[in-house]
Amino acid sequence: NEVSYNILDPDGNIIFSDGPFPLTGQGVFTTIACPTCAGPVSFAATDINATSATFAWTPAQEPGSYTLEFGSIGFVLGTGTSVSTDETEVTIVGLTENTYYDVYLSFVCDDDGESAKTLGPITIQTIFLNDVGISGILEPTADSCNLSSNTLIQVVLENFGQNPQSLIPFYYAVNGVVAAIPVPTDGFYTGVIGNDSTEVVFFETTFDFSTPGYYLVEAWTELGTDNNTVNDTFSVEIITAFPLPLAEDFEDNVVPDGWVHNQFNPIYTPGAHNNPTHVIGANVWTFNPVFEFTTQRVGPMGDQDTLSFDYRFVEYFAGTDTTFLADDRIDIQISTDCGDTYETIFTIDSTNHVPDTAFANVQILLEPFNLEGAGINVRFVTTWSAGNYWSDFDNINITGCPPSFALDATIVNATGLTNNDGSITLTPTFGQGPFTYDWEEFPFVSGPQLSGVEPGIYTVIVEDANGCAEEVSYTVLLQEPSSTIEVNGFDAVRLSPNPSPGLVQLSVEMRDAEDLTIDIFDAVGKLVLSREVQAASLINESIDLEAQASGLFFVRLRTETRLHMERLILSK
């Protein structure tokens, strides 16, 4: 009874109104809808390039003509560029690369000559003329585990731009170190790749991934005419083993990432069955005869590393009574091949189990199993024989040091060559806290932040609670020019060849004769060469880096009024 409603024609005129207490039944309102010039019902861009774009639409049911109008994004309809056609597809040309456009479609009926329908706008962005990059890494993958010492790296080369491309150099780096790729015999695509096409290519220069650990693999192109470098690089993170130490007490009430088990939920909160802390466990009996769980892969192992854990057997349900084993047992097993096979290294059974409601601690020295340098999974398997009991585990630890703490460094560069406003803040990713920090240049600083420093190289030794240590150097650069410093103020800077096998020719042209300092840093900011050139405006220097390992280097040119950085790739 509360309902009221209006029926409107296409122009918004009310042609029928009823309610409240509307009429009901058949025949309340009757009308005849006469067909009008409806025009097309769909409109879309089917191909977008750097200088052209193609649009298509469904044909109208009535005879008529179509007009496509386009202009810069946000243009007013009627002020753009128009293309008229009787077809249902149009390609517009004369566009500018990497530019946004709005496009409208209007339809005019032949019978009345009036616009019946306008669709749009469709907003498009044109692509670049020259634009190639690596769009994928096929091998190795993020799920890779047992990788070899000569692993091939396979990537997807893609042409994102309009123009066909050839003679494309491409490179890769692992953990920030550029591989020594001998271009053009390797890492050089000589075929022709068209617009929106891909090619699967691989590097003949292999990499040694055999040491278990973390790897960041980056691959990129370096086409000199590329107008868009944003999509040049593709990267993948690979963890073939999580770094040591392993220390798991389950106090976060979840099964750790990377662990697998055969129970619905094996984590029990304190007091669930007389357990004093969070534990991983299961009720083992005739209908659940095997309880097993496996750690994530960790490594590389050291020759003195030890596996330790706490365990207990207690009677179901309350967990307040001890369990006496029949042929029940716990097997501790190790896999070095990513879980394909396991070897039992220790067994707990009636011969060595002391019945108690408290947890017992087990220490297993791993040295006899020749695991040094390996990555391992540890599997705990409880096998039932008789009775009804809980099998609980806690405090599963493997000693050892990570290959690196993977320090996350936040660097604030100084605002002047003599300004003490730079800083370095470190956050360890791996290792066991608390950490200590020994800054070589500032021995009185013991925390993770070094502040109040000018541009320069700063070295720190980081040590964790297990005595694991790592020495790393970081560079604080010049952030902003002062009133007398001009950044990039050189007429010409050339490094040849680049990439280089070791001997590099540096050419510098300056407007005025000044003293020039040439500093070369490696990829982690370590100064490997420094040279002074007295007052000169045209400089040609031979730089010998043959003693350095292949990788990425930075060349810093500095005068009293200018500062410039160049990237140099050393490829032997």
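Predicted model, so just to flag it, every value in this text is computed and none were measured.
A side-chain donor-acceptor contact under 3.5 Å links Gln162 to the backbone of Thr51. Looking at Asn540, its side chain never comes within 3.5 Å of a backbone N or O of Ser507 through a donor-acceptor pair. Under a 3.5 Å cut-off, the side chain of Asn195 and the backbone N or O of Gly161 do form a donor-acceptor pair. In this structure a side-chain-to-backbone donor-acceptor pair under 3.5 Å is missing from Glu139 to Gln154. In this structure, the side chain of Thr240 engages the main chain of Gly213 through a donor-acceptor pair within 3.5 Å. Ser166 places a side-chain N or O within 3.5 Å of a backbone atom of Thr190 that can act as its donor or acceptor partner.
The neighbour count for Phe188 CZ, taken as heavy atoms of other residues, nucleotides or ligands under 6.0 Å away, is above 12. More than 12 heavy atoms of other shown residues, nucleotides or ligands fall within 6.0 angstrom of atom CG in Asn253.
Salt-bridge formation is detected for the pair Glu509/Arg494: a Lys NZ or Arg NE/NH1/NH2 atom is positioned less than 4.0 Å from an Asp or Glu carboxylate oxygen.
A tilted orientation is assigned to the rings of Phe309 and Phe393, their planes being inclined by 30° to 60°.
Between Asn397 and Asn395, the side chains place no donor N or O within less than 3.5 Å of an acceptor N or O (distance only, hydrogens not considered). The closest side-chain donor-acceptor pair between Thr277 and Asp394 falls under 3.5 angstrom. Side-chain atoms of Asn419 and Glu454 form no donor-acceptor pair, as typed in the model, at a separation below 3.5 Å. No side-chain donor from either of Gln449 and Ser423 sits under 3.5 Å from a side-chain acceptor of the other. Defined by atom type and a distance below 3.5 Å, a donor-acceptor pair is missing between the side-chain atoms of Asn377 and Thr295. A side-chain donor from one of Asn163 and Asn130 sits under 3.5 Å from a side-chain acceptor of the other.
Taking the six-membered ring for Trp, Phe75 and Tyr101 have ring centres at least 6.0 Å apart.
If you take CD1 on Ile280 and CZ on Phe380, they are separated by 9.0 Å, rounding to the nearest 0.5 Å. Taking CD1 from Ile193 and CD from Gln165, the interatomic distance works out to 9.0 Å, rounded to the nearest 0.5 Å. Rounded to the nearest 0.5 Å, atoms CD1 (Ile334) and CD1 (Ile364) are 7.5 Å apart.
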Under 3.5 Å, which donor-acceptor pairs do the side chains of residues 426-447 form with other protein atoms, sequence neighbours left out?
{"from": "Thr429", "atom 1": "OG1", "to": "Ala406", "atom 2": "O", "distance (Å)": "2.7"}
{"from": "Trp439", "atom 1": "NE1", "to": "Gly447", "atom 2": "O", "distance (Å)": "2.9"}
{"from": "Glu441", "atom 1": "OE1", "to": "Thr459", "atom 2": "N", "distance (Å)": "3.0"}

